[in-house]
Amino acid sequence: MKIATFNINGIKARISALSDWLDTAQPDVVLLQEIKSVDENFPREHFEDKGYIVETHGQKGFNGVAVLSKLPLEDVSHGLSGDESDEQARWIEATVMGDRAVRVCGLYLPNGNPAPGPKYDYKLAWMERLRTRAKEILTLEEPAILAGDYNVIPQDEDAATPESWRKDALALPESRAAFRRVLNLGYTEAFRARRLGPGHYSFWDYQAGAWNKNDGIRIDHMLLTPQAADLMQDCWIEAELRGREKPSDHVPVWIELDA
DNA sequence: ATGGCCGTGTTACACGGA
């Protein structure tokens with residue numbers, strides 16, 4: 001089973017590039033972030049015609065997550081528990097029925113800038129809710145993957161120019177600590193279990209020729225329960241997509257599971 | 001040397017992103 005997470009930065013603007021990628025890359029499951037669309041306007045038939053089941057959790061203008069799957073889905077749920085008043089669409093869960101059932105959680109973690117401030121407070125509160133949900137999922141003792149745009153640069157080696165991110169919400173010590181608190185529950189960060197060292201990025205800003213200078217950051221992550229980690233065959237970043245026509249500012253991160 | 005963008009909603013910019 002091949003699963004990818006991909007922040008597409010707007011479904012309307014990305015429908016062509018996303019379709020071309022799906023046709024050639026052929027993922028079984030895709031977790032999308034920043035669809036920037038309400039559910040009614042998401043072009044679901046377009047992807048159903050390609051053989052995908054489509055589940056969306058959108059809102060007007062911003063945010064929004066979705067799951068595309070060639071395999072049957074069960075127990076789909078929308079939204080992150082822990083704050084009923086939170087109206088931002090940043091979380092979706094489903095169980096993928098492959099050779100093994102795999103619980104997938106697609107997430108779009110708040111950016112949090114400027115920090116300090118209310119947006120940063122929201123980010124940290126959201127991460128605490130994430131930790132609570134991650135803890136619940138571990139108790140199931142089943143293969144599960146928490147994947148998406150975490151908006152966290154875990155370590156300095158995950159940025160080409162770490163000094164320029166020093167005061168940014170993506171790299172502040174509190175953000176990194178909150179990310180580690182989730183990991184330390186007992187999750188495996190899939191990419192780092194396969195590839196070590198600097199120079200691996202999943203986002204390059206549209207500004208200042210960041211892609212041409214390879215001035216990137218690694219902020220799209222996949223966290224695995226022990227049962228999922230045992231099924232991992234490989235994990236990689238498809239950086240090449242950033243150089244294509246009309247790209248998202250993020251690229252897909254992939255995992256292959258023996259499931 | 002320095003600054004450089006993009007998408008959405010609404011219709012000339014505001015806002016968010018990272």
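Residue numbering restarts at 1 for every chain, and letters A, B, ... go by the order of the sequence lines. Just so it is clear, the values below take in all heavy atoms, side chains as well, and ignore hydrogens, waters and symmetry mates.
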Take atom P in B:dT2 and the same atom in B:dC6, then report the distance between them in whole Å. 23 Å

If you measure from the P atom in B:dG7 to the same atom in B:dA1, how many Å do you get, rounded? 31 Å

Side chains of A:Glu238 and A:Trp21 only: does a donor on one sit below 3.5 Å from an acceptor on the other? yes

Ignoring hydrogens and angles, does a donor from either the side chain of A:Asn111 or the base of B:dA18 sit under 3.5 Å from an acceptor on the other? yes

Looking only at atom C1', what distance separates B:dC15 and B:dT10, rounded to whole Å? 12 Å

Return the nearest nucleotide to the side chain of A:Lys12; candidates are B:dT10, B:dT8, B:dA18. B:dT8

Give the nucleotide from the list B:dT10, B:dA18, B:dG7 with an atom nearest to the side chain of A:Trp165. B:dA18

Could one point to a donor on the side chain of A:Lys213 or the base of B:dG4 with an acceptor on the other under 3.5 Å away? yes

Looking only at side-chain atoms of A:Phe62, point me to the closest of B:dC15, B:dA18, B:dT10. B:dC15

Testing the 3.5 Å rule here: is there a donor-acceptor pair between the side chains of A:Asp220 and A:Thr5? no

Looking at A:Lys119 and A:Pro114, would you say the former's side chain and the latter's main chain have a donor-acceptor pair under 3.5 Å? no

Interatomic distance, A:Glu34 CD vs B:dG9 P [rounded to whole Å]: 13 Å

What is the distance from atom OG1 of A:Thr225 to atom CG of A:Asp230, rounded to the nearest 0.5 Å? 8.5 Å

Closest approach to the side chain of A:Asn7, judged atom by atom: which nucleotide of B:dA18, B:dG16, B:dG7 is it? B:dA18

